[in-house]
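To keep things clear, I will list the structure first and then write my remarks on it.
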Amino acid sequence: MTRPIPEHAEYPDLEVGHPKHEAAGAEAVIRTLDASIRSMGPVRAARLLLDLNQKDGFDCMSCAWPDPSHRSAFEFCENGAKAVTWEATPLKVPSSFWAEHPVSSLQDATEYWLGQQGRLVEPMYKPAGSDHYQPIGWDRAFELIGERLRELDSPDEAAFYTSGRTANETAFLYQLFVRAYGTNNLPDCSNMCHESTGTALGEVIGVGKSTIAYDDFGKADLVIVMGQNPGTNHPRMLTALEETKRNGGQIVAVNPLPEAGLIRYKNPQKVRGVIGRGTAIADRHLQIRSGGDLAMLQAVSKRVLDAEAAAPGTVLDHAFLAEHTAGYESFAEGLADLDEAEVLRATGLTSEELDDLAARYIAADRVIITWAMGLTQQRRAVDTIKEIVNLLLLRGNIGKPGAGASPIRGHSNVQGDRTMGIWEKMPDEFMDALAREFSFEPPRRHGLDAVDTLHAMRDGKVKVFIALGGNFVGAISDTAAAEAAMRGAKLTVQISTKLNRSHVVTGEEALILPALGRTEVDLQETGPQFVSVEDSVCAVHASHGSIAPISDEVRSEVAIVAGIARATLGDATDIDWSGMERDYDVIRDHISRVVPGFERFNEDVRRRDGFVLPNGPRDSRTWNTATGKAQFSTNALDGIECPPGRLILQTLRSHDQFNTTVYSLNDRYRGIKKGRDVVFVNPDDLTELGLADGDRVDVISEWPGEPDRALPNQRIVAYPTARGCAAAYFPEANVLVSISSTAIGSNTPVSKAVIVRLEPVG
Ligand SMILES: Nc1nc2c(c(=O)[nH]1)N[C@H]1C(S)=C(S)[C@@H](COP(=O)(O)OP(=O)(O)OC[C@H]3O[C@@H](n4cnc5c(=O)[nH]c(N)nc54)[C@H](O)[C@@H]3O)O[C@H]1N2
Ligand SMILES: Nc1nc2c(c(=O)[nH]1)N[C@H]1C(S)=C(S)[C@@H](COP(=O)(O)OP(=O)(O)OC[C@H]3O[C@@H](n4cnc5c(=O)[nH]c(N)nc54)[C@H](O)[C@@H]3O)O[C@H]1N2
Ligand code: SF4
Ligand SMILES: [Mo]
């Protein structure tokens, strides 16, 4: 049965309460069980939740937080359970859905409504000129893709998107197909996510990944959590931060918002967390102005250098600096005349707060800095992350226990997908290995990333768009421009588990290919298969589905990619797609000869704990950089200019969503219920602007030389965010971000700093 489509993004029942000061606790446990049992039934729910993150079970498909090696029976959190429940729903999108709903009738449907319709269970095809999807057989669907790809003038007229839930085996097969077809157009969600991290770390320490292991949190004296909301987006990270506290370490949170999980945590896995007061997390919260992190890091480094000058030989790790780093002199020189007034303006912090952070940093022998989207989705993101490394290097905080740089990844396998070659600019060594293993010459010219794919589609240069998971038009910035570009394509193909915006904003022709999810048994000719993933700390382990597939028609992502490859390339290569589809060990054998660190992949991944990939900076303080050393960098300081009467708006996630997937309309920790049409603003800014809590406003973003963009009719919520800053929910607020606003060096959309004005409605 289909339900009526609600009016687009209008929430008449919206309720606004007070923000919470603690995360998890008994309420989280109750909500987990309640939601799971209601949508899956008690037996299926128990089966799945007990398998979640266990050594013979499946990997949580939500975030990329790692698992401890000693696991309890309940190694999941509320949001992990929501992700499982969402995927493992027994509800199916019926064939009648498409007969009843022309594509044009779904244009106002929200992501929430689309996701509620259930699992996609049969391949569907929308012919050119038609407003309806209709069933199509798998073989015909593959042939059609093959025909369209072969018709193109150049393989560079197609783009192949990947979302970070894709497992290693699938990702490897997919990039192999794309390169055998002849292009490096492999945009992925990482382009919108941690690209800035990879760019910065790759350049200055030689590896674009975290330099810590899971148990380093328990050994750290100080953890600085920057631009991240772990209570919602990496909930079990709070258990690691609790360990830091229990072992006597300190935590400083740097965030414009006082996020619940950063204040207090009640560990739902422990009796003391369910009934006790929980653990206070942040010893200090620095309520930074959006985009002020570069200035803050420079100011702290400057104070560390000043302390060394005042007591030479007592503050810096001179042995480390001499042996392992390059560029220290010019870095120190660059900071000598740092403008304190400019720092205070850019950060919104006081000198005392900066002194305090520097003092804590100097007092700690082992420091970890973690970060996520609050840093990466900024115009100066790459330089900001390089400043994190500068600060860490000063006291040798990379490559020793309890210390390091730790980007916390988003999607459960986004890091592994990169390791497997999902990148528009993989290095030559990878291409050489691919060429050797499969006897073909992969294209060397760099391909298109996510933003450039849109530009190319808009200009008619990319005509076929294939997505392995995700929701490209829902997730990328500048919704209107993105959708116009997508509609200009000849063919769009979505390989998906559930409906989203990208299924209703299509090219002339469109295909939906339904895929198995992580929870489901993946049965191929040689028996049940497993896949593998890499987490935020470079640990690789297996994931085995445990419940029967939602329908016999649904295929595994590996089978779908192999099917497309066979239909497109035929005998053009010697690659045995069918052999890999029959037995994923064959894929892993190929990977073992192409990707460093995977030499004994099939053996290592079968160990109960999986294995940890080698990491030069972490393991041996070796640096694969231009100088062979960890590289200090010198970065100019320019804060965000915000004209009077304007605010810097960030777009962020509610507690009840996973990216463009909206599980419910509530955001419990921020006190929001039954709606998403809100804009959070500091009460003092409201007074200054002549506005008040409860007012309805259009949020208008301003772009030099481009038209304004509008997010209409939002309810103002007076909220303790930093002065001059505001926040609204992603993906709705993507309409406000110009496609031309991207981070320098990484081309990541600047989703965290949009200059806006608020105009009263009516
Ligand atoms: N439940 C759930 N889990 C998820 C996801 C999800 O949507 N739902 N998404 C996954 C993905 S793909 C990712 S990438 C991660 C995202 O994880 P996060 O990065 O935690 O996600 P955001 O909601 O974007 O939150 C950004 C945080 O940065 C802060 N911030 C904004 N601007 C600034 C700034 O200028 N400076 C500083 N210091 N802080 C700032 C915001 O206040 C907010 O707390 O989570 C992953 N996990
Ligand atoms: N304004 C703004 N924009 C942002 C961000 C922001 O903070 N602000 N964050 C950015 C970030 S960090 C990211 S990572 C991107 C996310 O961009 P994407 O990864 O493209 O988006 P998701 O919403 O994670 O994709 C959800 C869809 O994936 C499909 N799916 C789920 N599970 C599976 C599976 O197992 N197999 C297959 N084949 N499909 C599956 C479902 O159909 C679901 O609807 O968005 C970015 N966009
Ligand atoms: S912390 Fe992330 S990976 Fe772990 S159970 Fe929760 S949502 Fe899943
Ligand atoms: Mo992400």
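Only this structure's heavy atoms are used, side chains among them; waters, hydrogens and symmetry mates stay out. First listed ligand is number 1; within each ligand, the first listed atom is number 1.
Of the protein's non-hydrogen atoms, Cys60 SG, 2.3 Å is the one closest to atom 8 (Fe) of ligand 3. Protein heavy atom in closest approach to atom 21 (O) of ligand 2: Asn471 N, 3.6 Å. The protein non-hydrogen atom at the shortest distance from atom 1 (S) of ligand 3 is Arg236 N, 3.4 Å. The shortest contact between atom 3 (S) of ligand 3 and any protein heavy atom is with Cys63 O, 3.4 Å. Taking atom 6 (Fe) of ligand 3 as the reference point, the nearest protein heavy-atom neighbour is Cys77 SG, 2.3 Å. The single protein non-hydrogen atom nearest to atom 20 (O) of ligand 2 is Tyr161 OH, 2.6 Å, given as residue, atom name and distance. Protein heavy atom at the shortest distance from atom 36 (N) of ligand 2 is Glu557 OE2, 2.5 Å. Taking atom 4 (C) of ligand 2 as the reference point, the nearest protein heavy-atom neighbour is Phe730 CE1, 3.2 Å. Counting only heavy atoms of the protein, atom 23 (O) of ligand 2 lies nearest to Thr660 OG1, 2.5 Å. Here the heavy atom of the protein found nearest to atom 43 (C) of ligand 2 is Asn500 ND2, 3.6 Å. Distance from atom 42 (O) of ligand 2 to its nearest protein heavy atom, with residue and atom name: Lys498 O, 2.7 Å. In terms of protein heavy atoms, atom 32 (N) of ligand 2 is closest to Arg165 NH1, 3.0 Å.
In this structure, Asp216 contributes its side chain and Ala213 its backbone to a donor-acceptor pair below 3.5 Å. Between the Lys498 side chain and the Trp86 main chain, a donor and an acceptor come within less than 3.5 Å of each other. With hydrogens and angles disregarded, no donor-acceptor distance shorter than 3.5 Å links the side chain of Arg379 to the backbone of Ile640. Without hydrogens or angle criteria, Thr742 side chain to Asn747 main chain gives no donor-acceptor distance under 3.5 Å. The closest donor-acceptor contact from the side chain of Thr85 to the backbone of Ala81 lies under 3.5 Å.
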Side chain to side chain donor-acceptor pair (under 3.5 Å) between Gln529 and Ser556: does it pass, once the steps are laid out? CA-CA 10 Å; Gln529 307 294 315; Ser556 80; over 6 Å; no
I would like to know whether Asp535 and His541 meet side chain to side chain donor-acceptor pair (under 3.5 Å); could you show each step before the answer? CA-CA 9 Å; Asp535 63 31; His541 60 267; 4.6 Å; no
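In this structure, of Ala64, Gly80, Ala81, Pro66, the residue bringing a heavy atom nearest to atom 7 (S) of ligand 3 is Gly80. Considering Val737, Asn734, Thr497, Leu736 only, the shortest heavy-atom separation from atom 33 (C) of ligand 2 involves Thr497. Nearest-residue assignment for atom 8 (N) of ligand 2 (options Thr651, Leu516, Val735; heavy-atom criterion): Thr651.
Of the N or O atoms in Ala475, one or more lie within a sub-3.5 Å distance of an N or O in ligand 2. Any N or O atom pair closer than 3.5 Å counts here, and Gly470 shares at least one such pair with ligand 2. At least one N or O atom of Ile495 sits closer than 3.5 Å to an N or O atom of ligand 2. Taking distance alone, with nitrogen or oxygen atoms compared against 3.5 Å, Arg518 stays at or beyond that limit from ligand 2. Backbone and side-chain nitrogen or oxygen atoms of Trp86 are examined, and none is located within less than 3.5 angstrom of a nitrogen or oxygen of ligand 2. The shortest N or O to N or O distance between His503 and ligand 2 is not below 3.5 Å.
Set against the non-hydrogen atoms of Met373, the atoms of ligand 2 under 4.0 Å away are 12 (S). Proximity to Ser496 (heavy-atom distance under 4.0 Å) selects the following atoms of ligand 2: 38 (N), 39 (N), 42 (O). Of all atoms in ligand 2, listed by their number and element, those nearer than 4.0 Å to a heavy atom of His411 are 14 (S), 19 (O), 24 (O). Those atoms of ligand 2 with a heavy atom of Ser163 less than 4.0 angstrom away are 18 (P), 19 (O). For ligand 3, the atoms sitting less than 4.0 Å from at least one non-hydrogen atom of Ser62 are 7 (S), numbered in the order shown with element in parentheses. Interface of Gly469 with ligand 2, defined as ligand atoms under 4.0 Å from a residue heavy atom, comprises 37 (C), 38 (N), 39 (N).
At a heavy-atom distance under 4.0 Å, no atom of Leu52 approaches ligand 3. At a heavy-atom cutoff of 4.0 Å, ligand 2 is contacted by the side chain of Gln377 but not by its backbone.
Within the structure, ligand 2 has Lys752 among the residues with a heavy atom less than 4.0 angstrom away. The shell of residues lying under 4.0 angstrom from ligand 2, judged by heavy atoms, includes Arg653.
The only option from Thr661, Asn500, Asn471 that meets the side-chain hydrogen bond (donor to acceptor under 3.5 Å, both in side chains) definition with Glu111 turns out to be Asn471.
The closest side-chain donor-acceptor pair between His655 and Thr232 falls under 3.5 angstrom. With 3.5 Å as the limit, one finds a donor-acceptor pair spanning the side chains of Thr419 and Lys209.
No side-chain heavy atom of Met420 sits less than 4.5 Å from a side-chain heavy atom of Thr170.
The shortest heavy-atom contact between Arg119 and Ala515 is NH2-O, 3.2 Å. The two residues Lys752 and Leu652 come nearest to each other via the heavy atoms NZ-CA, 4.5 Å. Taking all atoms of both residues into account, the shortest heavy-atom contact from Val735 to Asp478 is O-OD1, 4.3 Å.
For the atom pair CG of Leu513 and CD1 of Ile560, the computed distance is 5.5 Å after rounding to the nearest 0.5 Å. Considering CZ of Phe658 and OG of Ser62, their distance stands at 4.5 Å, rounded to 0.5 Å.
Relative ring orientation between Phe160 and Phe177 is described as perpendicular, the plane-to-plane angle rising above 60° on a 0-90° scale split at 30° and 60°. Between Phe217 and Trp65, the ring-plane angle classifies as tilted under the 30° and 60° cut-offs.
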